[in-house]
Number of protein chains: 2
Amino acid sequence: MEPVQGASQKELVALAAKYRESLRHAVYLTRSLDAEGDLTTAQVSTLNMLAEAPLRIGGIARRSGIKVPSATEQVIRLEAAGLVLRRPDPDDARGVLVQLTERGAQELAAANQRRNAILAERLAALSPDDRTVLEAAVPVIDRLNSLIPEMTKPEKK
Amino acid sequence: MEPVQGASQKELVALAAKYRESLRHAVYLTRSLDAEGDLTTAQVSTLNMLAEAPLRIGGIARRSGIKVPSATEQVIRLEAAGLVLRRPDPDDARGVLVQLTERGAQELAAANQRRNAILAERLAALSPDDRTVLEAAVPVIDRLNSLIPEMTKPEKK
DNA sequence: TTCCATAGTTAGGTAGCCTAACTATCACCC
DNA sequence: GGGTGATAGTTAGGCTACCTAACTATGGAA
């Protein structure tokens, strides 16, 4: 009756289907957080990485789950917008270190705040129980995300 | 000590920030489910809607959270690929009804199966507790998604 | 010091999104 | 019954963000 062990294949697939569907709609949630002259979602994403520490192009690509040329392109746009700056990696002249500019940090903070505020407003509409469930789910979602191949590759060494 | 009532603004914003971050990575999870000559994520998304019932262009746009011209474009691509067909809406000659073709239904089923299988494999790597949490979170995420403005507009009538 | 591997860039292509402007039909109403 | 405004889609043009393939430059090791 109770497979203490785990879930059946069928159950796993069913959960997968439901979760995929929810995620699909969640994309639109994210999109609905975007605004006019604001940064795009992908830009916010990249800038958030750089807020922790400067990264090389390859690092951005790996963490974003995109290819190197796409990362180059992203960075070029961000640089043109004055939000990041590129400089050669002192340890390896082939590499390029990308870091936030003052303005990049400011605009990122503003964009994050705005998005979080809108989302917080919607979260407030949920029941306290729902919020508790969501709170508990976040680390689980993160663990699941961390299982993505490619994004788990070692830094370089 | 315990605001039985609900959460503070600060807590809401904190949850919003964490959730946004998780969602951001989840996008790459979805992307990682894509494969070679397979349908794109947006296409699967559209086809999944049509699997329930034929829709008009406007209906696709609203449910996808995109504008009508973008929906037209999607449909044109799907039609060119032989996955959907368009015909005038018998009730309103201005409208266009979009429905799955036989082949569209087949390819959709295959794509869903493949994606679900990959995701199910990763879900299997989670602890049973984690899966329980995720299972509980899906309806909450759906409720949160349903709060998106624009996507909640009435059908037509 | 030669040669392969690695880091990025460049070039060219596609999906997917947008706004603005246009066409066709509907629905009302005088 | 023929305007007229609203509604449904399409077309045109533009941008972001992704891709692969091919190239350049540096690093490292034989």
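Every chain is numbered from 1, with letters handed out A, B, ... down the list of sequences.
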task = Would you mind classifying the nucleic acid contact of Val96(B) as base, sugar-phosphate or nothing, using non-hydrogen atoms under 4.0 angstrom?
result = sugar-phosphate
Using atom types as modelled and distance alone, determine if a side-chain donor or acceptor of [X] lies under 3.5 Å from a backbone N or O of [Y].
X	Y	answer
Arg143(A)	Val138(A)	no
Thr132(B)	Pro128(B)	yes
Glu52(A)	Met49(A)	no

From [atom1] of [X] over to [atom2] of [N], roughly how many Å is that when rounded to an integer?
X	N	atom1	atom2	answer
Arg56(A)	dT9(C)	CZ	P	11 Å
Leu39(A)	dC15(D)	CG	P	18 Å
Asp89(B)	dT10(D)	CG	C1'	17 Å
Asp38(A)	dT16(D)	CG	P	14 Å
Glu73(B)	dG14(D)	CD	C1'	12 Å
Ile57(A)	dT10(C)	CD1	C1'	14 Å
Leu47(B)	dG16(C)	CG	P	10 Å
Gln43(B)	dC17(C)	CD	C1'	14 Å

Are any protein N/O atoms closer than 3.5 Å to N/O atoms in nucleotides 28-30 of chain D? If there are, list each pair with its distance.
none

query = Which atoms form the tightest heavy-atom contact between Asp38(B) and Ala111(B), and what is the distance?
reply = OD1-CB, 3.9 Å
Over all atoms of both residues, closest heavy-atom pair of Arg131(B) and Ala124(B) = NH1-O, 3.5 Å
With sequence neighbours excluded, residues passing side chain to side chain donor-acceptor pair (under 3.5 Å) with [X]:
X	answer
Ser22(A)	Asp142(B)
Asn112(B)	Arg20(A), Asn48(B)
Glu135(A)	Lys18(B)
Arg94(A)	Asp92(A)

message = Does dT10(D) have its OP1 or OP2 closer than 4.0 Å to a side-chain nitrogen or oxygen of Thr72(B)?
response = yes
ask   = Between dC18(C) and Ser70(B), is there an OP1 or OP2 to side-chain N/O distance shorter than 4.0 Å?
value = yes
query = Mapping Ala71(B) and Arg31(B) to their closest nucleotides on DNA chain D, which lands nearer the 5' end?
reply = Ala71(B)
request  = Tell me, with the steps shown, if Asn116(A) and Leu33(A) meet side-chain contact (heavy atoms from CB on, under 4.5 Å).
outcome  = CA-CA 9 Å; Asn116(A) 288 341; Leu33(A) 262 30; over 6 Å; no
request  = Sequence neighbours left out, what passes side-chain contact (heavy atoms from CB on, under 4.5 Å) with Gln113(B)? Give chain and number order.
outcome  = none
For the side chain of [X], counting heavy atoms from C-beta on, which of [options] is nearest?
X	options	answer
Ile66(A)	dC19(D), dA17(D), dT9(C)	dC19(D)
Gln74(B)	dG9(D), dG16(C), dT9(C)	dG16(C)
Lys67(A)	dT20(D), dG8(C), dG16(C)	dT20(D)
Ala93(B)	dG9(D), dT25(C), dT26(D)	dT25(C)
Ala42(B)	dG16(C), dT9(C), dT10(D)	dG16(C)

message = Could you work out, with salt bridge (charged side-chain N to carboxylate O under 4.0 Å, His left out) as the rule, every residue matching Arg122(B), not counting sequence neighbours?
response = none
ask   = Who passes salt bridge (charged side-chain N to carboxylate O under 4.0 Å, His left out) against Arg103(A), sequence neighbours left out?
value = Glu107(A)
Detail all sub-3.5 Å separations between protein N/O atoms and N/O atoms belonging to nucleotides 20-22 of chain C.
none

Close side-chain approach of Asp130(B) and Leu123(B), heavy atoms under 4.5 Å = no
request  = Check each residue of residues 76-86 of chain B for a non-hydrogen atom within less than 4.0 Å of any atom in DNA chain D, then write out the ones that pass by number, or none.
outcome  = Arg86(B)
Show me, pair by pair, the donor-acceptor contacts under 3.5 angstrom made by side chains of residues 72-79 of chain B, not counting sequence neighbours?
{"unit_1": "Thr72(B)", "atom_1": "OG1", "unit_2": "Val68(B)", "atom_2": "O", "d": "3.3"}
{"unit_1": "Glu79(B)", "atom_1": "OE1", "unit_2": "Arg86(B)", "atom_2": "NE", "d": "3.2"}
{"unit_1": "Glu79(B)", "atom_1": "OE1", "unit_2": "Arg86(B)", "atom_2": "NH2", "d": "3.0"}

ask   = List DNA chain D stems (3 or more consecutive Watson-Crick/G-U pairs, under 3.5 Å)?
value = C:1-30 with D:1-30
